[in-house]
Enquirer: 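Pasting in a structure now, in structure tokens, and then I'll have a few things to ask.
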Amino acid sequence: MTTKKRKLLGMLTPSSNTALEPITSAMVSGLDNVSVHFSRFRVTEISLGASALGQFDLPKILDAARLLADAQVDVIAWNGTSAGWLGFETDEALCRQITETTGIPATTSVLALNEILTRTGVTELGLVTPYLEDVQQRIVANYARMGIRCTSERHLSLSRNFEFSEVSGETLSRLVGEVAQSRPQAITTFCTNLHAAPLARDLEARTGIPMYDTISTVIWKSMQLAGIDTRELRGWGQLFTEGA
């Protein structure tokens, strides 16, 4: 009997993140021979200050990517949203460098989200984050340059990355519900340290609007790059059941 080849998904993880590892592991738990593996680099604060921006310097991330390459993963994904305020081109450059360094295909939460928005023709987006006002406005401006208008947004004015993971599901559901009132074509919960992905199915049923969490988007694209049918992942929203 032929044994089905294992599929190994590599995730680059902010050091203070406590949400994405259990969520991504839960997402793939029902898939045969699929596992997720993590490599951390130091990220503790999200702001536009020089030290906070320096956390995302390329050499630090590439060091973490090399460690994932030792595990012979099928894909290396930056499970983070820094390109939202740094500029989408930073993730494009990161993916090129990861692949040039390791020979492994690469993606990111934000690039995956942007691909989904482009494929589905979204020009009006609802945005929910835990971030500070100036960080939020950078994200809104970057999507405007992409031709996507944020019709409504909510943010919690937090900066410590660990605190993001302590935001309750009730709070996230309320914020998504408020953003949904402007009837955007899609809503994104834009941070990979929120416990939002498990809420997607119920919130989509309640609002009638697709919800793209940035932990979900990077799993979606990582599965594609690893040759896994994303429709095998059930219970996590219409991104997986209907595709993009």
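Computation of the quantities below employed the complete heavy-atom set of this structure, encompassing side-chain atoms and omitting hydrogens, waters and symmetry-equivalent molecules. All of these numbers come straight from a predicted model, not from anything done at the bench.
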Enquirer: Are Arg96 and Glu100 within salt-bridge range, i.e. N to O under 4.0 Å?
Expert: no
Enquirer: Grab the two heavy atoms, one from Leu233 and one from Leu31, that are nearest each other, plus how far apart they are.
Expert: N-CD2, 4.2 Å
Enquirer: Step by step, would you call Asp74 with Lys5 a salt bridge (charged side-chain N to carboxylate O under 4.0 Å, His left out)?
Expert: CA-CA 11 Å; Asp74 294 283; Lys5 183 182 183 298; 3.6 Å; yes
Enquirer: Under 3.5 Å, is there a donor-acceptor pair between the Asn79 and Thr13 side chains?
Expert: no
Enquirer: Between Asp63 and Lys60, is the salt bridge (charged side-chain N to carboxylate O under 4.0 Å, His left out) condition met? List the steps.
Expert: CA-CA 5 Å; Asp63 284 344; Lys60 302 174 185 178; over 6 Å; no
Enquirer: Specify whether Tyr131 and Phe164 have parallel, tilted or perpendicular ring planes, treating 30° as the upper limit for parallel and 60° as the lower limit for perpendicular.
Expert: perpendicular
Enquirer: Testing the 3.5 Å rule here: is there a donor-acceptor pair between the side chains of Ser159 and Ser47?
Expert: no
Enquirer: Can you see whether Ser109 engages Thr214 through a side-chain donor-acceptor pair at a distance of less than 3.5 angstrom?
Expert: no
Enquirer: May I ask you to test the Leu158-Val167 pair for a side-chain heavy-atom distance under 4.5 Å?
Expert: yes
Enquirer: Between Arg40 and Glu21, does any NZ, NE, NH1 or NH2 come within less than 4.0 Å of an OD or OE carboxylate oxygen?
Expert: yes
Enquirer: Check whether the side chains of Gln136 and Glu153 place a donor and an acceptor atom closer than 3.5 Å, and report yes or no.
Expert: yes
Enquirer: Which heavy atom of Ile104 sits nearest a heavy atom of Thr99, and at what distance?
Expert: O-OG1, 2.9 Å
Enquirer: Verify whether one side chain among Thr230 and Gln224 offers a donor that lies under 3.5 Å from an acceptor in the other.
Expert: no
Enquirer: Kindly state whether the ring of Phe41 and the ring of Trp78 have centres lying under 6.0 angstrom apart.
Expert: yes
